[in-house]
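A short write-up of the structure that comes next.
Note that the structure is predicted; figures quoted are calculated from it, not measured. Note that the numbering runs from 1 along the sequence shown for the chain.
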Amino acid sequence: MANTSSRTLRLLSLFQDRAYWPGTELAERLGVSARTLRRDVDRLRELGYPVEARRGVDGGYRLASGAAMPPLVIDDEEAVALAVGLHAATQGAVEGIAEPSVRVLAKVVRVMPARLRRRVEALRTMTVPTSWDGPAGGGVDPAVLTTVALACRDGERLRFRYTASGGRESDRHTEPHRLVCLGRRWYLVAYDLVRHDWRSFRVDRLTAPRGDGTRFRPRDLPAADAAAFVRAGLDGQPRAYRVEALVDAPAAAVRERIGRWGTVEEAGAGRCRLRMTTDSLDWPIMALGALGTGFRVLDPPELRDRVHEWGARFGRA
């Protein structure tokens with residue numbers, strides 16, 4: 001019979017596999033008597049897990065919903081599946097979950113044995129992404145993302161090699177603040193210790209990140225949040241197109257759906273004005289189409305032409 005601690009973890013894992021367990025079957029799976037099973041269940045309750053019991057001949061146990069989610073106990077196959085699934089989520093296929101997925105992926109990878117990390121990497125490299133434009137962020141290496149995410153979480157200074165938009169490379173020494181997923185790209189917001197100023201770095205241009213073991217006291221970010229800081233920097237850069245559209249929906253609804261990719265202002269009569277800066281006209285069309293409401297392109301004229309092209313293409317389909 002396994003020791004008490006490992007048996008308790010095994011019992012918790014079984015409860016997470018099935019909603020209800022007959023007492024006799026559960027005791028058999030653990031290799032213990034009914035009396036020992038009751039003691040193990042009581043031990044879980046002492047740890048804060050709400051285990052409910054049904055008495056009688058067909059009695060058994062179930063793990064009820066609690067005030068907080070308990071630690072998950074998963075096996076090797078489930079750990080690999082979880083990491084691969086989280087990596088897919090970091091590609092931004094579902095709005096709003098990319099950043100939390102990176103945080104969870106960083107935690108999972110941190111505690112994974114090397115043999116499982118190798119399996120995850122093998123699955124990742126042999127899987128073809130299915131997003132419309134390929135991987136978000138220009139094909140960001142998940143190992144880079146998790147390294148940066150852990151440095152942000154732990155407040156550890158980070159060194160890396162960075163390639164600017166013009167192709168010039170430089171070594172950076174930073175105090176990482178937050179990762180931001182914006183416009184299908186990943187950005188690191190950090191304080192640059194060499195330039196003595198805040199910067200945002202595209203993660204797909206960042207290589208060989210490594211923590212130097214030095215902890216730091218967080219500085220005050222000169223913006224409402226990290227996403228606002230990145231957006232302000234992007235708005236200040238020269239872009240091929242500045243998009244403006246009038247949307248037949250309240251500003252709050254549009255801001256909730258696509259506000260992270262542009263600015264939204266009330267325009268009266270239940271409508272709002274959306275502004276975006278972009279290098280591609282296709283992305284604003286996808287964003288506007290995803291709203292599921294009417295809109296009118298105000299600028300640029302090229303976007304109106306592209307919308308008509310899309311409309312004709314879909315009409316033929």
Side-chain angles (χ1 to χ4, degrees), residues 1-127 130 142-143 145-147 149-150 152-154 179 181:
M1 178 169 52
N3 64 53
T4 302
S5 298
S6 61
R7 198 172 62 242
T8 302
L9 288 174
R10 174 63 175 155
L11 176 59
L12 181 58
S13 176
L14 290 172
F15 276 137
Q16 292 167 352
D17 286 343
R18 189 189 298 181
Y20 178 79
W21 282 93
T24 53
E25 185 178 351
L26 191 55
E28 182 179 345
R29 290 290 294 269
L30 293 171
V32 298
S33 65
R35 183 177 180 180
T36 300
L37 174 61
R38 286 195 295 271
R39 286 201 298 266
D40 290 345
V41 168
D42 288 338
R43 188 172 295 106
L44 280 181
R45 289 169 176 159
E46 291 172 0
L47 293 172
Y49 297 101
V51 181
E52 297 178 351
R54 178 191 299 171
R55 301 188 182 279
V57 178
D58 60 343
Y61 301 92
R62 65 183 293 269
L63 183 64
S65 299
M69 187 177 73
L72 298 177
V73 181
I74 57 179
D75 60 25
D76 287 1
E77 297 296 331
E78 293 167 338
V80 172
L82 176 62
V84 172
L86 287 170
H87 170 258
T90 66
Q91 305 306 304
V94 181
E95 182 179 352
I97 70 167
E99 291 173 43
S101 297
V102 167
R103 294 198 298 269
V104 178
L105 182 60
K107 295 176 183 178
V108 172
V109 171
R110 165 66 65 88
V111 299
M112 264 189 170
R115 56 187 173 81
L116 295 186
R117 285 200 298 270
R118 286 193 294 270
R119 291 177 59 186
V120 170
E121 181 62 16
L123 279 172
R124 185 193 67 80
T125 55
M126 295 304 294
T127 300
T130 57
L145 273 176
T146 53
T147 298
L150 287 170
C152 292
R153 188 198 69 178
D154 297 339
L179 276 169
C181 184

Evaluate whether atom CD of Glu25 has more than 12 neighbouring non-hydrogen atoms of other residues, nucleotides or ligands under 6.0 angstrom away. yes
Can you tell if the side chain of Thr36 reaches within under 4.5 Å of the side chain of Leu30, non-hydrogen atoms only? no
Kindly indicate whether the side chain of Arg10, heavy atoms from C-beta on, has any atom under 4.5 Å from the side chain of Arg29. yes
Side chain to side chain contact (heavy atoms under 4.5 Å, CB included) between Tyr20 and Glu52: does it pass, once the steps are laid out? CA-CA 10 Å; Tyr20 178 79; Glu52 297 178 351; over 6 Å; no
Where is the tightest heavy-atom contact between Val41 and Leu11, given as atom of each residue plus distance? N-CD2, 4.1 Å
Taking all heavy atoms of Leu179 and all of Cys152, pick out the closest pair and write down the distance. N-SG, 4.3 Å
With the threshold set at 4.0 Å, does a side-chain nitrogen-carboxylate oxygen contact exist between Asp40 and Arg43? yes
Donor-acceptor under 3.5 Å (Tyr49 side chain, Leu63 main chain): no
Once rounded to the nearest 0.5 Å, what's the spacing between atom [atom1] of [X] and atom [atom2] of [Y]?
X     : Y     : atom1 : atom2 : result
Leu47 : Leu12 : CG    : CG    : 9.0 Å
Leu14 : Leu9  : CG    : CG    : 11.0 Å
Phe15 : Arg62 : CZ    : CZ    : 10.0 Å

Begin with the C-alpha distance, continue with both residues' side-chain angles, and end with the deciding distance and a verdict on side chain to side chain contact (heavy atoms under 4.5 Å, CB included) for Val32 and Arg39. CA-CA 11 Å; Val32 298; Arg39 286 201 298 266; over 6 Å; no
